[in-house]
Amino acid sequence: MQDRLISACIYAIAGIFLGLLISMAWAPHLEIPAHPVAIIIKTAFLCGLFGFLFPNQIQRLFGWIWKFFSN
């Protein structure tokens, strides 16, 4: 159980950086009233939750998103 909590915290921190990338890349193109801070908080929460529930699958998600942004 402690391993899952630690991985959830690590992925929540990584979700903050992912939220920063998403808010910088997509916020100018979105026409919804989404505040960049809300995007960062929601991304960190979702990454932490997925890191707790699916600790082995979240690595694939981050790898896929990294490839998407690096192209």
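Residue numbers start at 1 and run along the sequence shown.
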Problem - Nearest non-hydrogen partners of I39 and G19, listed with the distance - result: CG2-O, 4.2 Å

Problem - Residue pairs passing the side-chain hydrogen bond (donor to acceptor under 3.5 Å, both in side chains) test where at least one lies in residues 36-58, sequence neighbours excluded - result: Q57-R60

Anything under 3.5 Å between a donor and an acceptor, one on a side chain of residues 3-12, the other on a protein residue two or more places apart or in another chain? List them.
residue: R4; atom: NH1; partner: F52; partner atom: O; Å: 3.1
residue: S7; atom: OG; partner: D3; partner atom: O; Å: 3.2
residue: S7; atom: OG; partner: R4; partner atom: O; Å: 2.9
residue: S7; atom: OG; partner: G51; partner atom: O; Å: 3.4
residue: Y11; atom: OH; partner: Q59; partner atom: NE2; Å: 3.4

Exercise for the section: Give the cluster check for V37 versus M24: same hydrophobic cluster or not, with ILVMFWY residues linked at side-chain heavy-atom distances below 4.5 Å. Expected result: no

Problem - For I16, side chain to side chain contact (heavy atoms under 4.5 Å, CB included) partners two or more places apart - result: I40, A44

